[in-house]
Amino acid sequence: MMRKLLVAPSLLACDFTRLAEEVNAVEQAGADWLHLDVMDGHFVPNISFGPVIVEAVHRVAHRPLDVQLMIEHPEQYVDAFLKAGTDHLTVHVESDGLKSPATLTTFLRDLRRRKIRAGLSVKPKTPAEALRPYLDEIDQILVMTVEPGFGGQAFMPDMLDKIRTCREWFAGDIVIDGGINPQTAALVVEAGANVLVAGTAIFRQPNYHHAIQALRAAA
Ligand code: DX5
């Protein structure tokens, strides 16, 4: 069963001097989810924003907040992000605080108990097999198609096989993040993905509606 194609603008690429306007603009332009990239400067070589910004977006948003924690210790901050209004929480299988399978399983089950969609993400060098033990505990997989940390990077085509493998194993939402544009959107959807995270391909375009439509049309 083909899952619905969804487009999730990544606010990392938005104009933060006009955050509320940018949220309204991409929602009017057809965004399905709002993707928020949280970075701690340790798990990835960049620092972005925390619960304060998630809470600000939650105050003006009408679409689900799809929060990706690119941080070493998600277990220390999960309550703050849920309190801020997170709807979907994606953590990395590589995070230092979740390295124990028992800890990660408990973490994911706790999200679902709290009625939060649970997601698990893998960096480019991490094989899909790292996700296998947790597939029954999650609602979405996020496959990074760039090294996490910065927007505007080039898509990594050798991630396509990983997407295909994930789709063979997992019937839920497969989210792709990194270098997504109309050309790469076609490739990842053909490989089995159904949720497109895009920052540059939307926020660096003059018309957000046309940019989102172009992603949908390409897929
Ligand atoms: C990297 C970030 C970016 C961002 C999307 O850590 O996660 O992938 O969301 O950036 P673009 O769409 O500009 O590649």
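Every number for a ligand or one of its atoms is a count from 1 in the order of the listing. Just so it is clear, the values below take in all heavy atoms, side chains as well, and ignore hydrogens, waters and symmetry mates.
Of the N and O atoms on the side chains of His210 and Gln205, not one donor lies less than 3.5 Å from an acceptor on the other residue. Using a 3.5 Å distance cut-off with no hydrogens or angles, the side chains of Tyr208 and Glu22 do pair a donor with an acceptor.
Here the CZ-CE distance, from Phe150 to Met39, works out to 7.5 Å after rounding to the nearest 0.5 Å.
In summary, the atoms of ligand 1 found under 4.0 Å from a heavy atom of Gly178, numbered by their order in the structure, are 8 (O), 14 (O). Applying the 4.0 Å criterion to heavy atoms of Gly149 picks out, from ligand 1, the atoms 1 (C), 6 (O). Near Phe150, with a cut-off below 4.0 Å to any heavy atom, the atoms of ligand 1 are 1 (C), 3 (C), 6 (O).
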| field | Steps toward side chain to side chain contact (heavy atoms under 4.5 Å, CB included) verdict (Phe49, Val38) | value | CA-CA 6 Å; Phe49 47 76; Val38 176; 4.1 Å; yes

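Counting only heavy atoms from C-beta outward, the side chains of Phe43 and Asp96 never approach each other to under 4.5 Å. Inter-residue side-chain proximity for Trp169 and Leu131 is flagged as unmet; no heavy-atom pair is nearer than 4.5 Å. The side-chain heavy atoms of Leu69 and Ser95, taken from C-beta on, include no pair separated by under 4.5 Å.
Compare Gly179, Ser48, Ser121 by their heavy atoms: the one nearest to atom 14 (O) of ligand 1 is in Gly179. One option in Val44, Leu142, Asp177 has a heavy atom closer to atom 4 (C) of ligand 1 than any other, and that option is Asp177.
For atom 13 (O) of ligand 1, the nearest non-hydrogen atom of the protein is Thr200 OG1, 2.5 Å. Looking at atom 9 (O) of ligand 1, its nearest protein heavy atom turns out to be Asp37 OD2, 2.6 Å. Looking at atom 10 (O) of ligand 1, its nearest protein heavy atom turns out to be Gly151 CA, 3.5 Å.
When non-hydrogen atoms are compared, ligand 1 lies under 4.0 Å from the backbone of Pro148 as well as from its side chain.
Both Ile180 and Ile202 are part of a single hydrophobic cluster, where members link through side-chain heavy atoms under 4.5 Å apart.
The shortest N or O to N or O distance between Gly152 and ligand 1 is below 3.5 Å. Remark: ligand 1 and Gly199 share an N or O pair separated by less than 3.5 Å (distance only, no angle test). Close N/O approach between His35 and ligand 1 is not found [any backbone or side-chain N/O within under 3.5 Å].
Remark: side-chain polar atoms of Asp32 are not paired, donor with acceptor, to backbone N or O of Ala8 under 3.5 angstrom.
Not a single heavy atom of Arg204 sits under 4.0 Å from any atom of ligand 1. Put simply, part of Ala198 is less than 4.0 Å from ligand 1, judged by heavy atoms. Under the 4.0 angstrom criterion for non-hydrogen atoms, Met39 is in contact with ligand 1.
Using bins of under 30°, 30° to 60° and over 60° for the plane-to-plane angle, the ring pair His88/Trp33 lands in the perpendicular bin.
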